[in-house]
Amino acid sequence: MLTKRIIPCLDVKLGKEGGKVVKGVEFEDLKEAGNPVELSKRYNKDLADELVFLDITASSDNRKTMLDVVKKTSEEVFIPLTVGGGISSTEEIKKTLRAGADKVSINTAAVKDPNLLSKGARLFGSQCIVSAIDAKRRYEEKENKNLVEFEDGRKGWFEVYTYGGREPTGKDAIKWASEVEKKGAGEILLTSMDKDGKKSGYDIGLTKNVSENVNIPVIASGGGGNPQHFVEAFKKGKADACLAASIFHYKEYSIKNLKKELKENDINVRI
Amino acid sequence: MAKIAIIDYGLGNLRSVKKAIEKTTAKTEITDNNEKIRKADGIIIPGVGAFEDGIKNLSKYREEIYRAFENDKPVLGICLGMQLTLTKGYEGNKELKGLDIIQGEVISLPTQKKVPHIGWNSIKLTQNHPLLKGIGNGDYFYFVHSYYTNTASERDVLAECRYGINFPAVISRKNYVGVQFHPEKSGKKGIQLLKNFVEYCKS
């Protein structure tokens with residue numbers, strides 16, 4: 001039986017010394033969490049199902065350093081590795097895959113030019129094109145938007161953001177998810193900007209609406225703070241995988257213990 | 001020490017396959033040179049991506065693969081590399097010819113489940129094989145694919161996987177073995193399988 005995946009995310013800040021993992025609260029106020037290669041090895045031992053590296057500086061100057069980090073990690077860790085942050089051309093996709101990544105995640109560049117997804121899928125296969133969607137709640141009932149009822153009974157929609165959460169696009173996240181599927185993305189990495197870094201639970205409404213609207217796997221991201229949050233994201237949110245950062249970086253929970261709890265809640269995981 | 005040639009036909013994350021094989025202490029080289037493929041003790045056909053591009057790019061190495069098959073040299077096909085060894089593949093509206101080492105066809109996974117089939121899934125062994133030493137029923141491997149190999153004969157199937165339907169996870173004929181999952185991405189068990197392949201190449 002196919003298992004639900006637990007994916008630690010490493011937000012990597014690159015500098016001359018190689019790279020450091022940092023974790024922010026709502027995309028700002030970054031805290032340092034360790035060396036990416038060492039942390040990857042630790043997660044691999046702890047039964048992580050995959051790893052995601054996000055280059056949060058996302059500048060072309062740092063691209064080479066990121067590729068070095070990817071190279072070193074893929075020599076030591078034999079589980080799938082997704083790399084994202086600033087990737088904006090098929091040439092960059094190729095370089096990242098050649099460095100040892102199995103998938104690339106693309107957000108801003110795909111919003112600017114959705115054909116990058118189809119080109120990438122045609123050249124390298126859908127399975128390595130992950131569409132990253134950063135979504136933020138808009139408490140307004142607007143026409144032509146997918147309205148969702150939030151926990152407090154109010155209604156609204158989800159707006160897609162680009163440039164690491166700095167730029168609103170006016171796009172409806174649920175519609176955009178269908179569009180990226182049509183363009184050839186093989187997976188969606190769906191981050192709730194409202195929940196990110198808060199450890200108060202995943203955005204179930206966002207996750208469920210996107211997951212039921214597409215026929216490709218959806219990775220829920222943002223808000224995972226305790227095992228019950230993961231249970232909800234899988235059961236109510238219909239997520240295929242859950243991504244989290246702080247909960248693992250600061251050793252609040254081991255992935256193994258989290259998976260044990262998920263298993264006790266009848267969620268099929270790899271132990 | 002066994003020498004393993006990984007065929008570079010332009011697709012996939014070959015580096016991970018190489019690094020994973022090196023973990024098993026075998027010597028390995030990513031190569032697009034038929035001479036080197038001929039001299040190796042074992043051959044790996046890696047690959048992710050589309051059948052049409054795959055079979056086109058692999059055609060240059062077709063004769064070497066057939067020669068290895070005839071001479072009982074171990075050959076391992078991984079994911080698309082496995083699929084290309086079937087008789088034919090259907091992609092879009094096209095019917096495409098494969099290597100026909102194993103009879104059968106490559107068709108889409110049914111869409112009542114999400115496709116691609118991505119993630120760790122357990123396998124069920126249906127036959128013994130040296131390549132599956134130390135691997136048990138229910139062990140997990142990492143899959144990522146939208147098509148599967150519908151083999152003509154069950155005798156060619158060593159292990160199955162279930163995702164909506166049962167499909168072959170490991171297939172074999174003579175010295176050839178194909179795996180639908182990615183052993184190079186399947187942690188310890190994956191390395192174990194590659195280690196078994198290297199042993200198989202030595203014997």
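Every heavy atom of this structure was used, including side-chain atoms; hydrogens, water molecules and symmetry mates were not.
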[X] versus chain B, heavy atoms under 4.5 Å apart: side chain, backbone, both or neither?
X: K94(A); value: neither
X: A99(A); value: backbone
X: D102(A); value: both
X: K71(A); value: both
X: R270(A); value: both
X: V269(A); value: backbone
X: T96(A); value: neither

For chain B, which candidate among [options] shows the most heavy-atom pairs at distances under 4.5 Å?
options: S126(A), G100(A), C128(A); value: G100(A)
options: D240(A), V218(A), N215(A); value: N215(A)
options: A241(A), G125(A), P217(A); value: P217(A)

Exercise for the section: Indicate the atoms forming the closest heavy-atom contact of P46(B) with L14(B), along with that distance. Expected result: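 Shortest heavy-atom contact: CG-CD2, 3.2 Å.
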Practice task
Compare every heavy atom of V69(A) with every heavy atom of V37(A), then report the nearest pair and how far apart it is.
Solution key: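 Taking every non-hydrogen atom into account, CG2-O, 4.3 Å.
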Give a yes or no on whether a salt bridge exists between [X] and [Y], defined as a side-chain N under 4.0 angstrom from a carboxylate O.
X: K19(B); Y: E184(B); value: no
X: E35(B); Y: K39(B); value: yes
X: R67(B); Y: E64(B); value: yes
X: E199(B); Y: K202(B); value: yes
X: K27(B); Y: D41(B); value: no

Handout entry: Part of residues 180-190 of chain A lying next to chain B, heavy-atom separation under 4.5 Å
Key =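 Listed by number: G186(A), E187(A).
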Handout entry: Close side-chain approach of Y61(B) and D32(B), heavy atoms under 4.5 Å
Key = yes
Completion exercise
Most contact-rich option vs chain A, by heavy-atom pairs under 4.5 angstrom, among H145(B), K18(B), H117(B), is H117(B)
Exercise for the section: Hey, could you give me each pair passing salt bridge (charged side-chain N to carboxylate O under 4.0 Å, His left out) that has a residue in residues 132-141 of chain B? Not counting sequence neighbours. Expected result: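 Those involving residues 132-141 of chain B are D139(B)-K189(B).
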Heavy-atom distances under 4.5 Å only: say whether [X] touches chain A with side chain, backbone, both or neither.
X: H182(B); result: neither
X: K23(B); result: side chain
X: S186(B); result: backbone
X: I191(B); result: side chain

Which donor-acceptor pairs under 3.5 Å do the side chains of residues 158-172 of chain B make with protein atoms, sequence neighbours left out?
residue, atom, partner, partner atom, Å
R162(B), NH1, N166(B), OD1, 3.2
R162(B), NH2, G164(B), O, 3.1
Y163(B), OH, K114(B), N, 3.3
Y163(B), OH, K114(B), O, 2.5
S172(B), OG, Y176(B), O, 2.8

Report, one line per pair, each donor and acceptor closer than 3.5 Å where one atom sits in a side chain of residues 97-111 of chain B; sequence neighbours left out.
residue, atom, partner, partner atom, Å
D100(B), OD1, T87(B), OG1, 2.7
D100(B), OD1, Q103(B), NE2, 3.2
Q103(B), OE1, R173(B), NH1, 3.4
Q103(B), OE1, R173(B), NH2, 2.9
Q103(B), NE2, D100(B), O, 3.2

Problem - Stacked cation flag K174(B) on F69(B), 6.0 angstrom / 45 deg - result: yes
Practice task
Evaluate the criterion side chain to side chain donor-acceptor pair (under 3.5 Å) for residue pair N265(A) and E261(A); output intermediate values, then yes/no.
Solution key: CA-CA 6 Å; N265(A) 283 277; E261(A) 282 212 46; 4.9 Å; no
